[in-house]
Amino acid sequence: MNRRKRTVVGVIWIVVAALMALTLGVGTPSTTGAIARLFVVALALFLAVVYLFDPWNVISEKSLQ
């Protein structure tokens, strides 16, 4: 995957994380739904980092193309 495509996908994951973070509200999550939304935010941010920075060369592998 080339750099431009990885950047677009990374930005999409950041937008997903931002939209989910807006639904959390202020304070400590106490319900199961709030904890699940927090998990989705963390997962989306992790995927954004993987696509933007590719720390383990998982996305850039020639075998994936």
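Note: hydrogens, waters and symmetry copies are ignored here, and every other heavy atom, side chains too, is used.
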S.K.: Rounded to the nearest 0.5 Å, what separates atom CG in Asn2 from atom CD1 in Ile59?
M.R.: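 Here the interatomic distance stands at 12.0 Å.
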S.K.: Where the side chain of Asp54 meets the backbone of Val58, is there a donor-acceptor pair that is under 3.5 Å apart?
M.R.: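 At least one qualifying donor-acceptor pair exists.
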S.K.: Suppose clustering is done on Ile, Leu, Val, Met, Phe, Trp and Tyr with side-chain heavy atoms closer than 4.5 Å. Which residues sit in the same group as Ile14?
M.R.: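 Traced through the cluster, Ile14 reaches Val49, Leu52, Phe53.
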S.K.: When rounded to the nearest 0.5 angstrom, what is the spacing between CD1 in Ile12 and OG1 in Thr7?
M.R.: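 Result: 11.0 Å between the selected atoms.
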S.K.: Check the hydrophobic clustering (I, L, V, M, F, W, Y; side-chain heavy atoms under 4.5 Å; chains of links allowed) and say if Trp13 and Leu22 are grouped together.
M.R.: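 In one cluster: no.
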S.K.: Using a 3.5 Å cut-off and no angle test, enumerate the donor-acceptor pairs between side-chain atoms of residues 29-46 and protein atoms at least two apart in sequence or in another chain.
M.R.:
residue: Thr31; atom: OG1; partner: Ala34; partner atom: N; Å: 3.2

S.K.: Got a sec, which pairs hit side-chain hydrogen bond (donor to acceptor under 3.5 Å, both in side chains) with one end in residues 38-51, sequence neighbours left out?
M.R.: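 Residue pairs with at least one partner in residues 38-51: there are none.
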